[in-house]
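Predicted model, so just to flag it, every value in this text is computed and none were measured.
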2 protein chains.
Amino acid sequence: MHQEKHLRSSDTIRDIVIGMSDGLTVPFALAAGLSGAVTSSTLVVTAGIAEIVAGSIAMGLGGFLAGRTEVDHYNAELKREYDEVERVPDQEKAEVKEVFADFGLSEALQQQIADEMARDKDKWVDFMMRFELGLEEPVANRATQSAITIGVSYIAGGIIPLSPYFFIENSQIALYYSCILTLICLFVFGYFKSKVTGQKPFTGAVKVVIIGALAAAAAFIVAKIIT
Amino acid sequence: MHQEKHLRSSDTIRDIVIGMSDGLTVPFALAAGLSGAVTSSTLVVTAGIAEIVAGSIAMGLGGFLAGRTEVDHYNAELKREYDEVERVPDQEKAEVKEVFADFGLSEALQQQIADEMARDKDKWVDFMMRFELGLEEPVANRATQSAITIGVSYIAGGIIPLSPYFFIENSQIALYYSCILTLICLFVFGYFKSKVTGQKPFTGAVKVVIIGALAAAAAFIVAKIIT
């Protein structure tokens with residue numbers, strides 16, 4: 001019970017973190033890069049919004065497909081285990097024993113466990129899935145939820161670095177406000193993200209800010225060199 | 001042995017898939033969106049390269065931090081389990097029994113397992129980590145390798161949709177070639193990705209192409225509306 005709750009909440013948080021950290025970082029860096037190359041904010045806004053649309057769809061659907069792949073993989077392995085339990089029960093019993101041999105249980109106890117386990121095929125297969133293959137049953141509808149969470153988080157993150165460009169026509173000046181605003185948001189985001197994932201909040205926040213600043217600086221410099 | 005190999009290869013493949021599918025899709029969609037708004041390929045190239053730089057850094061470092069977080073989380077839980085085994089051994093034994101109660105083993109056998117398990121603390125803790133918490137020990141240096149794999153895959157993927165803009169000055173015409181080239185590459189990429197992850201190759205390839213086309217079309221339409 002504890003474990004399931006733990007897994008579910010960390011899955012959603014992981015999705016928000018994935019979507020928002022990229023959403024804050026990539027449109028920010030793109031806007032910074034373009035500000036180094038063009039003076040009109042209109043163009044930065046156009047490119048930024050095109051990026052947010054593209055990124056949220058790609059990441060959201062990417063998350064969706066990743067979730068679906070996980071479900072498909074689980075079901076394929078489940079079918080195989082049921083098949084093996086039916087066809088080669090002795091080999092599967094030996095595999096159960098092997099799991100417990102690794103944990104230093106005696107041969108006699110291993111045999112007893114394997115024999116008792118084999119009485120209920122569903123539970124036996126469930127055991128093999130979790131303990132031999134290390135596969136947890138994926139949460140139903142996780143894929144759709146994951147897609148929406150990642151996509152929306154990406155949009156929410158991406159609007160922030162772009163917002164100064166909506167109001168300030170000169171892209172150089174807009175960049176200045178975008179940097180201040182985004183780096184503050186990255187710090188706050190990094191702080192809470194680290195708190196939630198059990199890391200040191202301040203160190204985590206600094207790391208997130210550095211990544212964002214690094215990506216923006218790199219994009220700015222590269223764009224300057226090209227043009 | 002089989003399991004570890006399976007896990008490692010699928011981790012690297014997952015990283016390549018993450019990096020390349022976003023690399024092919026997002027710069028493609030961004031270039032398509034900008035082609036709907038400006039006629040000069042130079043600007044599309046500048047924005048595209050800025051995006052690739054930003055995206056590869058954000059995704060690569062994102063992958064690195066995700067890997068690091070996994071290691072930190074594992075170590076924190078490991079410490080807690082060692083502590084609990086020392087402080088409240090009876091409670092931990094009850095948790096071992098609970099795991100096996102779920103698989104329908106008899107009370108007597110549960111007790112025997114818990115008693116034998118408790119003889120070796122390292123193995124006991126290892127058991128709790130894997131079977132109660134569902135945590136595998138993360139592979140060392142996985143984070144760095146993951147960062148590089150995702151970053152390079154993103155760059156490799158991103159260069160493809162941008163390449164026609166290097167040679168064709170009119171962005172509308174370049175977009176035409178970019179669409180053909182990228183959709184073919186998305187199909188080939190999706191085909192092999194699906195094969196490797198054990199999905200139906202053709203269906204998988206079509207899905208990947210649809211995501212790319214959808215993201216590009218959405219970015220193109222949104223950019224047209226804004227300008």
Looking only at heavy atoms and a cut-off of under 4.5 Å, which of A:Ala58, A:Gly33, A:Gly204, A:Gly36 has the most pairs with chain B?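 Of the options given, most contacts go to A:Ala58.
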
Heavy-atom pairs under 4.5 Å with chain B: which of A:Ser21, A:Ala50, A:Pro27, A:Ala76 has the most?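 Answer, by heavy-atom pair count under 4.5 Å with chain B: A:Ala50.
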
Between A:Ala215 and B:Ala54, which heavy-atom pair has the shortest distance, and what is it?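 Distance-wise, the nearest heavy atoms are CB-O, 4.2 Å.
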
I'd like to check B:Leu61 versus A:Thr25 (side-chain heavy atoms, cut-off strictly below 4.5 Å). Are they in contact?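 SC-SC contact between B:Leu61 and A:Thr25 ruled out.
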
Heavy-atom distance under 4.5 Å between the side chains of B:Val222 and A:Thr46, does that happen here?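 B:Val222 does not reach A:Thr46 side chain to side chain.
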
Would you compute the distance between atom [atom1] of [X] and atom [atom2] of [Y] and round it to the nearest 0.5 angstrom?
X	Y	atom1	atom2	value
B:Leu34	A:Leu34	CG	CG	7.5 Å
A:Phe100	B:Met117	CZ	CE	6.5 Å
A:Met59	B:Met59	CE	CE	6.0 Å

What part of [X] gets closer than 4.5 Å to chain B, counting heavy atoms only: side chain, backbone, both or neither?
X	result
A:Ser56	neither
A:Phe64	neither
A:Asp102	backbone

Hey, which of [options] has the most heavy atom pairs under 4.5 Å with chain A?
options	result
B:Leu214, B:Leu43, B:Asp120	B:Leu43
B:Ile113, B:Val38, B:Asp22	B:Ile113
B:Ala217, B:Ala47, B:Ala32	B:Ala47
B:Leu109, B:Ile57, B:Val26, B:Val44	B:Leu109
B:Val53, B:Leu24, B:Ile221	B:Val53
B:Asp72, B:Val99, B:Ile211	B:Ile211

Is the number of heavy atoms from other residues, nucleotides or ligands within 6.0 Å of CZ (B:Phe192) greater than 12? no

Take a 6.0 Å sphere around CZ of A:Phe202 and say whether it holds more than 12 heavy atoms from other residues, nucleotides or ligands.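 Counting neighbours around CZ of A:Phe202, 12 or fewer heavy atoms of other residues, nucleotides or ligands fall under 6.0 Å, so no.
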
Using non-hydrogen atoms only, which part of B:Ser194 is less than 4.5 Å away from chain A: side chain, backbone, both, or neither?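 When you check distances to chain A, no heavy atom of B:Ser194 falls under 4.5 Å.
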
